[in-house]
Amino acid sequence: MVKRSRILGCGSYLPANVVTNRDLEARVDTSDDWIVQRTGIRSRHIAADGELTSDLAIAAATRALEHAGVDAASIDCIVLATTTPDNTFPATATKVQAALGAKGFALDIQAVCAGFVYAMSIADNFIRLGQATRALVIGAETFSRLLDWKDRTTCVLFGDGAGAVVMEGYDAAGTAADRGVLSTHLHSDGAQYGLLYVDGGPSATGTAGHVRMNGQEVFRHAVSKLSSVVEEALAANGLEPAAVDWLVPHQANQRIIDGIARKLKLPTDKVVLTVDRHGNTSAASIPLALCEAVHDGRVKRGDLILMEAIGGGLTWGAAMVRW
Ligand code: ACO
């Protein structure tokens with residue numbers, strides 16, 4: 001017998017305001033054709049003035065609790081992955097905890113676009129060690145607040161949103177047939193810090209800063225690092241790619257996602273895609289995609305889900321989960 005974390009339910013939230021590529025044509029020197037061909041993105045949701053990361057997180061978490069059928073007071077751990085906290089401190093997770101009436105402890109984690117995989121891994125480890133029994137894992141971003149709306153090379157890529165899952169410990173057989181998190185795999189390479197970063201921060205400048213990215217280099221790293229981490233996740237569980245029912249990737253770029261699906265020889269109908277309608281929502285992109293596929297009935301009990309993501313740092317990782 002081993003302790004594992006199974007997922008009881010999930011929920012998500014997207015701000016009402018939808019910004020299309022055509023809308024962006026009026027703001028920067030870009031075109032719908034360029035954005036669609038290079039990224040697959042057609043539109044994204046942008047938070048309203050005064051709508052904060054905590055608002056998105058609370059909405060997604062409330063829906064996840066409803067879907068799981070559990071009371072917020074039974075949650076003893078909240079791990080919130082975000083690059084865009086309401087304030088530099090306290091952790092946005094503590095605001096979410098108070099709003100929901102959850103117990104235990106709450107923390108933010110920062111791994112940019114790999115944030116949700118990191119957060120799930122952290123919560124899974126708390127649960128397996130017995131330090132938490134029922135955790136809320138959230139990815140929430142108002143990433144639009146970090147964009148330089150004059151920089152066409154970055155502002156067309158991102159969007160806002162939030163997704164959440166409820167995880168609970170149980171005694172499992174210890175095989176790949178178990179429900180829940182089978183394994184997580186985390187990596188970072190700080191030597192690549194300058195490839196994707198924000199040019200501000202409380203210590204460096206006293207400002208929030210704007211996203212700066214060497215897109216081509218990030219693309220190159222993404223394909224090779226994500227290919228290797230999905231192989232690592234499969235090998236750790238003694239599984240072949242054909243065992244994967246759903247690839248739920250970080251939604252940064254359709255071409256990166258297609259490249260990983262090709263390596264795994266997964267047909268496109270086994271890949272959950274939201275990048276066309278959400279853009280890159282950083283830590284929120286995986287739970288947003290997961291939720292969509294769960295709530296529209298694609299993901300069924302017992303299905304094997306492979307999640308993978310890469311972000312600034314560079315940070316990257318994968319999670320193998322049986323629904
Ligand atoms: N509209 C029109 N033209 C543009 C735009 C735009 N929005 N942006 C750039 N261009 C131009 C460039 O200026 C360049 O013009 P030039 O040839 O005259 O110099 C041309 O298009 C080609 O630019 P490239 O940067 O070479 O385009 P590329 O094919 O590499 O696509 C992209 C750029 C989409 C950013 C790609 O590199 C990419 O997706 N990279 C990975 C990004 C990523 O995955 N990030 C994930 C992590 S995000 C996180 O952690 C926060």
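As the structure lists them, so they are numbered: ligands from 1, and atoms in each ligand from 1. For reference, positions follow the sequence shown, starting with 1.
- The single protein non-hydrogen atom nearest to atom 41 (C) of ligand 1 is Gly215 O, 3.6 Å, given as residue, atom name and distance.
- Put simply, the side chain of Asn21 does not reach to within 4.5 Å of the side chain of Val156, judged on heavy atoms.
- Numbered from 1 in the order shown, with element, the atoms of ligand 1 that lie under 4.0 Å from a heavy atom of Gly311 read 50 (O).
- Checking only distances, Ser31 never comes within under 3.5 Å of ligand 1, N or O to N or O.
- The shortest contact between atom 45 (N) of ligand 1 and any protein heavy atom is with Val218 CG1, 3.6 Å.
- Between Trp246 and Trp323, every side-chain heavy-atom pair lies at or beyond the 4.5 Å cut-off.
- Residue-ligand proximity, Ile310 to ligand 1, at heavy-atom distances under 4.0 Å covers atoms 47 (C).
- For Arg145 and Thr84, the side-chain atoms include no donor-acceptor pair closer than 3.5 Å.
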Quiz item: Do Ile305 and Asp245 pass the side-chain contact (heavy atoms from CB on, under 4.5 Å) test, and can you show the C-alpha distance, the side-chain angles, and the key distance before you say yes or no?
Solution: CA-CA 6 Å; Ile305 302 170; Asp245 293 300; over 6 Å; no
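- Side-chain contact check for Thr20 and Asp23: at least one donor-acceptor pair (N or O, by modelled atom type) lies under 3.5 Å.
- Between Arg152 and ligand 1, a contact under 3.5 Å exists for at least one N or O pair.
- Of the N and O atoms on the side chains of Thr142 and Thr53, at least one donor lies less than 3.5 Å from an acceptor on the other residue.
- Residue contact check for ligand 1: Asn280 places a non-hydrogen atom closer than 4.0 Å to it.
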Practice problem: Show your working on side-chain contact (heavy atoms from CB on, under 4.5 Å) between Leu146 and Thr83 and close with a plain yes or no. | Solution: CA-CA 9 Å; Leu146 295 177; Thr83 311; 4.1 Å; yes
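- For atom 32 (C) of ligand 1, the nearest protein heavy atom lies 4.0 Å or farther away.
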Exercise. Could you walk me through whether Leu264 and Leu234 pass the side-chain contact (heavy atoms from CB on, under 4.5 Å) test, one step at a time?
Key: CA-CA 10 Å; Leu264 291 170; Leu234 287 164; 3.7 Å; yes
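- The residue from Arg38, Arg220, His250 that puts a heavy atom closest to atom 23 (O) of ligand 1 is Arg38.
- Of all atoms in ligand 1, numbered sequentially from 1 with element shown, those under 4.0 Å from a heavy atom of Asn253 are 34 (C), 38 (C), 39 (O).
- Below 4.0 Å from some heavy atom of Phe143 lie the following atoms of ligand 1, by number and element: 51 (C).
- Below 4.0 Å from some heavy atom of Val156 lie the following atoms of ligand 1, by number and element: 7 (N).
- Residue Gly312 has at least one nitrogen or oxygen atom sitting less than 3.5 Å from a nitrogen or oxygen atom of ligand 1, judged on distance alone.
- Screening His250, Gln251, Arg44 against Asn280 for a side chain to side chain donor-acceptor pair (under 3.5 Å) leaves a single residue, His250.
- For the pair Phe126 and Leu107, the minimum side-chain heavy-atom distance is below 4.5 Å.
- With a 4.0 Å cut-off on non-hydrogen atoms, Leu196 touches ligand 1 through its side chain and not its backbone.
- Residue contacts with ligand 1 for Val112 involve side-chain atoms from C-beta outward but no N, CA, C or O (heavy atoms, distance under 4.0 Å).
- The closest protein non-hydrogen atom to atom 30 (O) of ligand 1 is Gln216 CG, 3.2 Å.
- The contact set between ligand 1 and Cys113, taken as ligand atoms under 4.0 Å from a residue heavy atom, comprises 47 (C), 48 (S), 49 (C), 50 (O), 51 (C).
- Closest to atom 34 (C) of ligand 1 among all protein heavy atoms lies Thr39 CG2, 3.6 Å.
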Quiz item: Should Glu308 and Ile260 be marked as a side-chain contact (heavy atoms from CB on, under 4.5 Å) after you check the CA-CA gap, both sets of side-chain angles, and the distance that decides it?
Solution: CA-CA 10 Å; Glu308 43 83 346; Ile260 305 302; 3.7 Å; yes
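- Using a 4.0 Å cut-off between heavy atoms, Ala252 contacts ligand 1 through its side chain alone, with no backbone atom that close.
- Checking Glu292 against Thr274 by side-chain atom types alone, no donor-acceptor pair falls below 3.5 Å.
- Interface of Arg255 with ligand 1, defined as ligand atoms under 4.0 Å from a residue heavy atom, comprises 29 (O), 31 (O).
- Using cut-offs of 30° and 60° on the angle between ring planes, the pair His45 and His278 is perpendicular.
- Atom 14 (C) of ligand 1 lies below 4.0 Å from none of the non-hydrogen atoms of the protein.
- Aromatic ring pairs are classed by plane angle as parallel below 30°, tilted from 30° to 60° and perpendicular above 60°; the pair Trp316 and His187 is parallel.
- Each of the atoms 44 (O) of ligand 1 lies under 4.0 Å from some heavy atom of Ile256.
- Between the side chains of Asp160 and Ser144, at least one donor-acceptor pair of N or O atoms lies under 3.5 Å.
- Looking at Trp34, Tyr197, Trp316 and measuring to atom 10 (N) of ligand 1, the nearest heavy atom belongs to Trp34.
- Inside a 4.0 Å radius of atom 17 (O) of ligand 1 there is not any protein heavy atom.
- Counting protein heavy atoms under 4.0 angstrom from atom 1 (N) of ligand 1 gives one or more.
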